[in-house]
Amino acid sequence: MTEIGFWSHPLVETTGYFSVVVLCLIFSMVLFELVTKYNNWEEIRKGNVAVAMATGGKIFGVANIFRYSIEQHNSLPQMIGWGLFGFFLLVVAYVLFEFLTPRFQIDKEIEEDNRSVGFISLTISVGLSFVIGASIS
């Protein structure tokens, strides 16, 4: 019978991945806060559903990308690197979304609780996270 080392024990590995992904998620939410023109958490506190949907989509998207990264990589640095690269691609998608809708400003619409725009933002983040995640190798 082979003994499992402490660092390779499934509970320790799971706790490690979980902890690192939570830290990366916090980091990504801080960066998204800098990219948007409104205060995400203040708007959510005020009951802005469009901001909640857009922010929830970003959280789901980032977590989903890290899920794929964990599945594809055996080392923590590789998992973090690919996860953050995937996050970067989500930011690019958000900027493109703003650029490709010249008739209105995405941030302004979401800040004004336009739930249709918030839902589309959520869908883009979630949908692209599957594409980004599937392409991680």
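- Cluster membership for I44 and I26, using ILVMFWY side-chain heavy atoms within less than 4.5 angstrom, is not shared.
- Counting only heavy atoms from C-beta outward, the side chains of D113 and V51 never approach each other to under 4.5 Å.
- Listed by chain and residue number, nothing satisfies the salt bridge (charged side-chain N to carboxylate O under 4.0 Å, His left out) test with K37 (two or more places apart in sequence, or in another chain).
- A donor-acceptor pair under 3.5 Å is absent between the side-chain atoms of T55 and the main chain of A52, judged by distance alone.
- For the side-chain hydrogen bond (donor to acceptor under 3.5 Å, both in side chains) test, residues two or more places apart in sequence or in another chain that qualify with E33 are N40.
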### Task
Verify side-chain contact (heavy atoms from CB on, under 4.5 Å) between E109 and Q105, making sure each step is shown before the conclusion.
CA-CA 6 Å; E109 295 295 323; Q105 296 175 326; 5.8 Å; no
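- Without hydrogens or angle criteria, T14 side chain to L11 main chain gives no donor-acceptor distance under 3.5 Å.
- In this structure, L31 is a member of the same hydrophobic cluster as W41, with clusters built from ILVMFWY side-chain heavy atoms closer than 4.5 Å.
- E111 pairs by the salt bridge (charged side-chain N to carboxylate O under 4.0 Å, His left out) definition with nothing, not counting sequence neighbours.
- Interatomic distance, R115 CZ to I120 CD1, rounded to the nearest 0.5 Å: 15.5 Å.
- Under the 3.5 Å distance criterion, the side-chain polar atoms of E98 are matched with a main-chain donor or acceptor of I106.
- Residues I132 and S135 share a closest heavy-atom pair of O-OG, 2.7 Å.
- Between T36 and K58 there is a side-chain heavy-atom pair separated by less than 4.5 Å.
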### Message
side-chain contact (heavy atoms from CB on, under 4.5 Å), that's the test. Do S19 and T15 meet it? Break it down for me.
### Response
CA-CA 6 Å; S19 301; T15 303; 4.2 Å; yes
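- The cluster map of Ile, Leu, Val, Met, Phe, Trp and Tyr, joined by side-chain heavy atoms under 4.5 Å apart, puts F32 and V30 in different clusters.
- Pairs of residues two or more places apart, or lying in two chains, never qualify as ring pair (Phe, Tyr, Trp, His ring centres under 6.0 Å) while including a residue from residues 96-137.
- Identified under the ring pair (Phe, Tyr, Trp, His ring centres under 6.0 Å) test for residues 48-72, with sequence neighbours left out: none.
- Here S28 contributes atom OG and L23 contributes atom CG; the two are 11.0 Å apart, rounded to the nearest 0.5 Å.
- L128 contributes atom CG, which lies 11.0 Å from atom CG of N64 (distance to the nearest 0.5 angstrom).
- Not a single donor-acceptor pair under 3.5 Å links the side chain of S69 to the backbone N or O of I65.
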### Task
Run the numbers on K46 and E42 for salt bridge (Lys or Arg N to Asp or Glu O under 4.0 Å), then give the verdict.
CA-CA 6 Å; K46 292 192 294 191; E42 180 61 26; 5.1 Å; no
Under 3.5 Å, sequence neighbours excluded: what are the donor-acceptor pairs made by side chains of residues 75-95?
| residue | atom | partner | partner atom | Å |
| --- | --- | --- | --- | --- |
| S75 | OG | Q78 | N | 3.3 |
| W82 | NE1 | H73 | NE2 | 3.2 |
| Y94 | OH | D107 | OD1 | 2.3 |

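- The hydrophobic clustering, which links ILVMFWY residues whose side-chain heavy atoms are closer than 4.5 Å, places V131 and V126 apart.
- Put simply, V12 and F18 are part of two different groups of oily side chains (I, L, V, M, F, W, Y) that touch within less than 4.5 Å, one to the next.
- A salt bridge links R67 with E71: at least one charged nitrogen is closer than 4.0 Å to a carboxylate oxygen.
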### Query
What's the verdict on side-chain contact (heavy atoms from CB on, under 4.5 Å) for S121 and I110, showing C-alpha distance, side-chain angles and the deciding distance?
CA-CA 9 Å; S121 179; I110 291 173; 4.0 Å; yes
